[in-house]
K.L.:
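What follows is a single structure, and I will ask about it in a moment.
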Amino acid sequence: MAASGDARPSASTDLPSDEVEVLALFARGYTIERIARALGISERTVRRRLRAAADSLGAGTSVEAVVRAVRTGLI
């Protein structure tokens, strides 16, 4: 399990800016509701962007996606 988690796809640094923005706010401790208000988007869109970012980074959760984004210097 850890071996596949260590592989970082090269596309991870190519996340769309909207996904990076949501990840960065989530990393700062913003709730999904607060992120949605701050960006003027729906909570569903926030969740969708977090999921897409996690998938791109090969992470199982949003928290794991934040860890990977920090480790790779994405955020």
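Computed from a predicted structure; not experimentally measured.
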K.L.:
Quick check: closest heavy atoms across E19 and S56, and the distance to 0.1 Å?
P.N.:
OE1-OG, 4.4 Å
K.L.:
So, for E64 and T61, which heavy atoms are closest and what is the spacing to 0.1 Å?
P.N.:
N-OG1, 3.0 Å
K.L.:
If a pair satisfies side-chain hydrogen bond (donor to acceptor under 3.5 Å, both in side chains) and one of its residues is in residues 26-38, list it, with sequence neighbours excluded.
P.N.:
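For residues 26-38: E33-R37.
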K.L.:
So do the side chains of T45 and V22 get within less than 4.5 Å of each other, counting heavy atoms only?
P.N.:
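With C-beta onward as the side chain, the pair stays apart.
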K.L.:
Please tell me whether V20 and I41 are part of a single hydrophobic cluster in this structure, the criterion being side-chain heavy atoms less than 4.5 Å apart.
P.N.:
yes
K.L.:
Can you name the residues that form a side chain to side chain contact (heavy atoms under 4.5 Å, CB included) with A27, not counting sequence neighbours?
P.N.:
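A27: side chain to side chain contact (heavy atoms under 4.5 Å, CB included) contacts with V66, I75.
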K.L.:
With L23, which of L50, I35, D18, V70 fulfils side chain to side chain contact (heavy atoms under 4.5 Å, CB included)?
P.N.:
L50
K.L.:
Under the 3.5 angstrom rule, does the side chain of R68 hit a backbone N or O of G58 as a donor-acceptor pair?
P.N.:
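Yes; at least one donor-acceptor contact below 3.5 Å.
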K.L.:
Consider only side-chain heavy atoms of I, L, V, M, F, W and Y, link residues closer than 4.5 Å, and tell whether L39 and I32 are in one cluster.
P.N.:
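Both belong to a single hydrophobic cluster.
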K.L.:
Rounded to the nearest 0.5 Å, how far does CG of L25 lie from CZ of R49?
P.N.:
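Nearest 0.5 Å value for the CZ-CG distance: 11.0 Å.
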K.L.:
What's the shortest heavy-atom distance between A54 and A65, and which atoms?
P.N.:
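Answer, listing the atom of A54 first, then A65: CA-CB, 3.7 Å.
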